[in-house]
**Q** 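Pasting a structure below so you can have a look.
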Amino acid sequence: MKADFDWSDLAFASKKPIRELNATFIAAPRELSARRLAQLVKRYLPLGNIVIGVAKEPFVLGFEGQPQFRMLQLEDLAEIVGKVRVSSSPNKVYVLGYSQREQKYLFEKNGFKRAVFVNGSWKFMFHTSETFYALTRAGVPYEQVSPFADEQEARDYEAARQPELASLATPAAEGPLTEAQMLQAANQASKASYDHSYQTGVVLGRKADQGYDFVASTFNKVVPFQTYAWHNGPSREVNFSPPGDLNHYDAVHAEVELIVKAADEKIDLDGTTLFINLLPCPSCARMFCETSITEFVYSEDHSAGYAVQLLEKAGKTVRRVVPENNHQEEV
C-alpha cells in the first residue's frame, strides 16, 4: 500500500488536492487495533472524507525503541482503507504520510474541517505543543480520543507489553555496578513508564567494595493501570493544567513507588544510595527526609535545586552526576 499524499511533495506545492476533500484529519496516531480503527472510521466517515496521517518514524518522537510508543504503520491501514474504497459510501479514506516534526504545518492551508488526535501519540502535553498553537491559529476544531476500543483492550494492551518492559527493571550487568551503570539502570527503568510527559526511573543500591549492589528499581507508574490516562484522557490535558500540577496528574512518582515497594518487599533502606535520572520534586524530597536512605545521586535538576538544600539539611549526601561526559559535580 502507498500513501495517497506525502507532505514532502505537498509542502511547497498546491494544497488543492487535499483542501478539496474538506476532510476530517486523524493525525498520525500511535498503533491502533483493527477494531479501534474501524470504530474511528465508522464515527467520522458519515461526516465526510477522512485523511489519516501516518508517521514516517516507527516510534513517537522522544520515545524511540519503546514498545508502548510504537506508531501506526502504513500497512496497518490497508484493510480498512480498501474496504471503504469499494463500499457504497460517498465518502472515502485517504492517507497522508509525513514526519512528526512536520505536523504543525499541516493546518495552514489544507482545509481540514476538524482534527482528531489519538492520546499517547506525542511527547509532553498537547496543549503546550506547537501543533496545538497551529490548530488555534488556523481555527480548526479538534478532539482527543482513546487509542483503545474499550477499557478491556486498554488493559490487555498493557499486559501484552509487560514482559518486554519488565526486562528494563533489572540492570544488564551483574555484580557491583559503577555510578554510571546505576544511573544508566535508572534511565532504563524509566522507559517502562507510560507517562508521556516525563519518564522517571529510580534504582536503589547498596555500597560494595567495587561499586554498588543493585537492590531495587521503580519508575513513575500511571495508575490505576498504565494505559488509563490514554484511554480516559490525560488529566493535565483535559484540564489544561501547567506541567508541574500534581492535582491533575495520572502517575505515582517513581520515588513514591520505591517507598511502596520497599514496604511491600521489606527492603532495608538503611545506608542505601538512591540513583535517579531527575532530582526529586519538593514533595518527594520532603518524604525522603524521613527515610534512612543516606545518599542521593541524580542527573537532571528540578525545582531550582530545592531537594538538594532540603536533603542536605536532613543530613543526606546529594551529588549530581552527568553521564554524558562522565563529569561529576558535587552539589
Side-chain angles (χ1 to χ4, degrees), residues 62 123-125 128 171 177-193 195-208 211-223 235-236 241-263 267-331:
K123 189 173 185 178
F124 303 125
M125 295 183 297
T128 64
L177 305 177
T178 66
E179 283 186 342
Q181 289 174 318
M182 292 294 277
L183 280 171
Q184 178 59 28
N187 189 55
Q188 280 295 110
S190 75
K191 295 179 181 180
S193 175
D195 182 359
H196 65 273
S197 61
Y198 195 89
Q199 295 176 303
T200 307
V202 165
V203 168
L204 190 70
R206 193 177 300 279
K207 286 186 177 180
Y212 295 85
D213 288 331
F214 172 82
V215 177
S217 66
T218 59
F219 57 89
N220 57 325
K221 187 177 183 180
V222 179
V223 292
S235 57
R236 283 179 177 168
S241 301
D245 184 3
L246 294 183
N247 292 313
H248 297 121
Y249 185 51
D250 306 298
V252 176
H253 281 194
E255 300 94 319
V256 177
E257 282 286 321
L258 178 70
I259 298 302
V260 172
K261 186 172 188 174
I267 297 172
D268 182 11
L269 298 178
D270 190 43
T272 56
T273 298
L274 183 141
F275 294 84
I276 185 168
N277 59 333
L278 180 69
L279 182 68
C281 73
S283 294
C284 288
R286 289 190 286 270
M287 174 187 67
F288 280 139
C289 286
E290 294 289 284
T291 72
S292 56
I293 300 173
T294 57
E295 184 179 35
F296 296 82
V297 182
Y298 72 98
S299 295
E300 295 183 37
D301 285 313
H302 188 286
S303 301
Y306 173 93
V308 175
Q309 301 174 45
L310 193 69
L311 290 169
E312 286 185 339
K313 287 185 180 297
K316 315 293 187 181
T317 298
V318 184
R319 294 183 294 113
R320 183 186 182 201
V321 174
V322 184
E324 290 78 7
N325 56 13
N326 294 320
H327 173 67
Q328 179 176 308
E329 297 180 19
E330 293 286 346
V331 180

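The basis for the numbers below is simple: all heavy atoms, side chains too, and nothing from hydrogens, waters or symmetry mates. These numbers come from a predicted model, not from an experiment.
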**Q** Which residues pass the side-chain contact (heavy atoms from CB on, under 4.5 Å) test with Thr128, not counting sequence neighbours?
**A** Met125

**Q** Would you mind reporting whether Pro171 and Leu177 have side-chain heavy atoms less than 4.5 Å apart?
**A** yes

**Q** So does Asp195 get a backbone contact from the side chain of Ser193, meaning a donor-acceptor N/O pair under 3.5 Å?
**A** yes

**Q** Quick one: pull up OH in Tyr198 and NZ in Lys123 and give me the separation to the nearest 0.5 Å.
**A** 7.5 Å

**Q** Roughly how far, to the nearest 0.5 Å, is OG1 of Thr291 from CG of Leu274?
**A** 8.5 Å

**Q** For the residue pair Met182 and Asp213, what are the closest heavy atoms and their distance?
**A** CE-O, 4.4 Å

**Q** Quick one: closest heavy-atom pair of Asp301 and Leu278, and the distance?
**A** O-CD1, 3.5 Å

**Q** Could you list the residues that satisfy side-chain contact (heavy atoms from CB on, under 4.5 Å) with Thr294, not counting sequence neighbours?
**A** none

**Q** For residues 273-298, pull every pair meeting salt bridge (charged side-chain N to carboxylate O under 4.0 Å, His left out), keeping only residues two or more places apart or in separate chains.
**A** Lys207-Glu295, Glu295-Arg319

**Q** Look only at the side chain of Ser197 and the backbone of Phe124, and say whether a donor-acceptor pair between them is shorter than 3.5 Å.
**A** no

**Q** List the atom of Thr218, the atom of Ala189, and the distance in Å for their closest heavy-atom pair.
**A** O-CB, 3.9 Å

**Q** Could you label the plane-to-plane angle of the Phe296 and Phe288 rings as parallel, tilted or perpendicular, counting under 30° as parallel and over 60° as perpendicular?
**A** tilted

**Q** What are the two closest non-hydrogen atoms of Arg206 and Val215, and how far apart are they?
**A** N-CG2, 3.9 Å

**Q** Sequence neighbours left out, what passes salt bridge (Lys or Arg N to Asp or Glu O under 4.0 Å) with Glu257? Give chain and number order.
**A** none

**Q** Partners of Ser190 by side-chain contact (heavy atoms from CB on, under 4.5 Å), sequence neighbours excluded?
**A** Asn187, Gln199, Asn277

**Q** Under 3.5 Å, is there a donor-acceptor pair between the side chain of Glu312 and the main chain of Gln309?
**A** no

**Q** Given side-chain contact (heavy atoms from CB on, under 4.5 Å), test Ile259 with Leu269 step by step and report yes or no.
**A** CA-CA 9 Å; Ile259 298 302; Leu269 298 178; 4.1 Å; yes

**Q** Drop me the distance from Leu204's CG to Ile293's CD1, to the nearest 0.5 angstrom.
**A** 5.5 Å

**Q** Find the distance between SG (Cys289) and NZ (Lys316) and round it off to the nearest 0.5 Å.
**A** 7.0 Å

**Q** May I ask you to decide whether Asp245 forms a salt bridge with Arg236, counting only side-chain N to carboxylate O separations under 4.0 Å?
**A** no

**Q** Does Lys221, at its NZ atom, have more than 12 non-hydrogen atoms belonging to other residues, nucleotides or ligands within less than 6.0 Å?
**A** no

**Q** Whether the side chain of Asn220 engages the backbone of Gly201 through a donor-acceptor N/O pair (distance < 3.5 Å, no angle test) should be reported.
**A** no

**Q** In the structure I gave you, are the side-chain heavy atoms of Tyr298 and Phe275 within less than 4.5 Å of one another anywhere?
**A** no

**Q** Within the 3.5 Å criterion, strictly below it, is a donor on His248 or Ser235 matched to an acceptor on the partner's side chain?
**A** no

**Q** Going by the rule side-chain contact (heavy atoms from CB on, under 4.5 Å), which residues pair with Val260 if we only count those two or more places apart in sequence or in a different chain?
**A** Val256, Asp264

**Q** Using every non-hydrogen atom in the two residues, find where His253 and Cys284 come nearest and quote the distance to one decimal.
**A** ND1-SG, 3.4 Å

**Q** For Leu183 versus Ile276, what's the shortest heavy-atom pair and its separation?
**A** CD2-O, 3.7 Å

**Q** Please check this pair: side chain of Ser299 against backbone of Val321, looking for a donor-acceptor N/O pair closer than 3.5 Å.
**A** yes

**Q** Sub-3.5 Å donor-acceptor pair from the side chain of Thr178 to the main-chain atoms of Gln181, do we have one?
**A** yes

**Q** Kindly indicate whether the side chain of Val203, heavy atoms from C-beta on, has any atom under 4.5 Å from the side chain of Phe214.
**A** yes

**Q** Using ring centroids (six-membered ring only for Trp), state whether Tyr306 and His302 fall under 6.0 Å.
**A** no

